[in-house]
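The structure displayed is predicted, hence computed values, not measured ones. In what follows, every chain begins at residue 1, and chains take the letters A, B, ... in the order their sequences are listed.
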Protein chains: 2
Amino acid sequence: MEPTDRKWPTIYDVAREAGVATSTVSRALTNPGRVNARTRDRVVEVAQRLGYRTNPLAQALPSGRTRTVALCVSDITNPHFFGIIRGAEQQARAAGCTLILSDTEESPDLEAANIERLSGSVDGFVIAASRMSDQQIGELTGRHRLTLISRQVSGVPSTIVDHEDGTRQIIEHLASLGHRSVVYAAGPRRSWLAAKRWHAIRTIARKLGLAATRLGPFPPAVRGGAAAADATLGQGATAVIAHNDLLAIGMLRRFSDRAVHVPGAISVVGYDDIFGADFCSPPLTTLAGQFDEAGRLAIDLLLGTRDGTRPPQAENQVVLPSHLVVRGSTGPAPS
Amino acid sequence: MEPTDRKWPTIYDVAREAGVATSTVSRALTNPGRVNARTRDRVVEVAQRLGYRTNPLAQALPSGRTRTVALCVSDITNPHFFGIIRGAEQQARAAGCTLILSDTEESPDLEAANIERLSGSVDGFVIAASRMSDQQIGELTGRHRLTLISRQVSGVPSTIVDHEDGTRQIIEHLASLGHRSVVYAAGPRRSWLAAKRWHAIRTIARKLGLAATRLGPFPPAVRGGAAAADATLGQGATAVIAHNDLLAIGMLRRFSDRAVHVPGAISVVGYDDIFGADFCSPPLTTLAGQFDEAGRLAIDLLLGTRDGTRPPQAENQVVLPSHLVVRGSTGPAPS
DNA sequence: AAATCGACTGCAAGCGGTTGCCAAACTTTG
DNA sequence: CAAAGTTTGGCAACCGCTTGCAGTCGATTT
């Protein structure tokens, strides 16, 4: 006796039992204003009694609305995405939608392939930290409904945490501690964020009269930290901004292994304020943002369910505030 | 011009273009042996040229097979689940299936509601660390196909990491360091694992001649650590086994805040070896298991795609090995 | 009282595939 | 060369729900 063999009642069963046509059942359940109140009550009562559940597939087939959205993340093991995933899941559920999760493993091709594969099963895509090129994304926009997180492409809705202003906060913080130069341990070549962050760092450092050097790229993971740390030491730098917290944590470990004192000899800053940033040693100074909110908003943008309390933004490109969390990994520049 | 307005070609388009019936197209694409090779090639070529993509909804409707599975986790922000999620996602994709993610936020009711809501859209459920009662799960089994992770219920397929043997490793380790008693900082009252772990701890401790005390329950999260740490100190214990690494890390922080030296004054052990267990301070001694493998296997069990290289187990209840990772948070008992 | 108008509800045609059954075409066999 | 057996491919009936169109019937208007 297989569980799946058991047949669920359909609107035909309900219709027969209630003595009406299936169309009436359908309308009573989805479009209540369209049928007489008494009829509706009877239909609802019968449906209830029979344990009727509308079949989402059959519902989606004629209408084309699957009430399902896909969330694509570039690396599911990166804690940075937790907040995004949770926020998206919550908001999707609140909107009566189901969330499909797709791990694209840092590969633009897998990303595109997954989207292709899932189109048809979903109403749209939220793509977090896409590794695809602007052009690829542009082409996709013509065929699918999509929203970006941590990425901006002209004409595509997106939510992003304010990394420009955040970078300013980071560099002002380092400058105020007396650092005269910064190193950026860069993320993947494909990463749009890495490019933007480097650009922001260079611009703002110049404005504040600091020198800026870029090293890398390094894999944005803990294991990338050793090489990044060694390269940084090779520069004789006093402060390093890591592409993200994973890399920063990896660097902290390497510095510790090499008996380089943080922040005494070198200050380290990360981005994202991920799980663990507060209890690594020393605790990491990092740029925090509301990523769960980014996930929620991205779903809203996708579904067009954004509440009216937020001011609309140009091109639906939302920028969320960021703030620097200063912890033990940054300190005065060595003299 | 909405992206979704663009119509995808259907088998009707392909059939017309190739000069065959839709049934032939369908067979050529899904049941290649059933049509002539030449016809098949032509159909495939036309489908290719038109950019035909089979509509998964339409395909699922008659067959009832959605090629989609749901993964329910009790708390999506708990890094413990990362491995499970990633493993499940990989295996599902390998089996040509799509993964739906459902966060049940530690609530048995939300868990049941989500399952009810998703039934009809999925072929089955993988439920990780279910908070439901054995009875609830038993009832569900009658209606849905499901597989459990980190939970055993008679008659339901499951994968679990060997916590009994793992607990033995933990207690032998503590005993070998000279500890004469252990405290268990328990997880949620609803947690099946918490009950099992306590049972294992008590049994094994008795066998080795150690005293065992249970404290709690505490929320299995970092924030639960402060209360757990304080309660443990109140017991004058020299070793504490936390319900999971999150709790353990929270305890480490509290001990640090209260200037209680770990492992000098007290040793701390966790379960799961989550992200962060290796870089908290001191690094955490914890029981590691292959949770990604648990996720993969659960999907296999669910879909019936388990490869034959593994020996079948009674009732399809797979137990994966665990091993203790000794780090800095455990040391000799204070004299 | 006849004509007009709404409010309900039913009919039936899809949505895009799958599949049992059957007939035509082709092969093999005696 | 006819009979029997195999392929091959088309017809049509679903899967369960939505929705445009039209018919029914009591209520309102003139």
Salt-bridge criterion met for B:R190 and B:E106 (N-O under 4.0 Å):
no

Has [X] got a side-chain atom pairing as donor or acceptor with [Y]'s backbone, closer than 3.5 angstrom?
X: B:S119; Y: B:E116; value: yes
X: A:N31; Y: A:R34; value: no
X: A:T147; Y: A:S158; value: no
X: A:R151; Y: A:S130; value: yes
X: A:E111; Y: A:R131; value: yes

What integer distance in Å separates A:R67:CZ from D:dC17:C1'?
15 Å

Just the rounded figure in Å: distance from P of D:dT18 to CG of A:L29.
8 Å

Could you go through B:T159 and B:R296, starting from their C-alpha distance and side-chain angles, then the distance that decides it, and tell me whether this counts as side-chain hydrogen bond (donor to acceptor under 3.5 Å, both in side chains)?
CA-CA 9 Å; B:T159 56; B:R296 272 192 290 271; over 6 Å; no

Degree of bending, the helix from C:dA1-D:dT30 to C:dG30-D:dC1 (end axes from five pairs; round to 10°):
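Inter-axis angle at the termini of the helix from C:dA1-D:dT30 to C:dG30-D:dC1: 40°.
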
Only one of A:L301, A:V126, A:T141, A:V69 clears side-chain contact (heavy atoms from CB on, under 4.5 Å) with A:L146; which?
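Passing option: A:T141.
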
How does protein contact run along nucleotides 8-19 of chain C, one letter per nucleotide 5' to 3', with B for base contact, S for sugar-phosphate only, - for none, heavy atoms under 4.0 Å?
SBBBB-BBBBBB

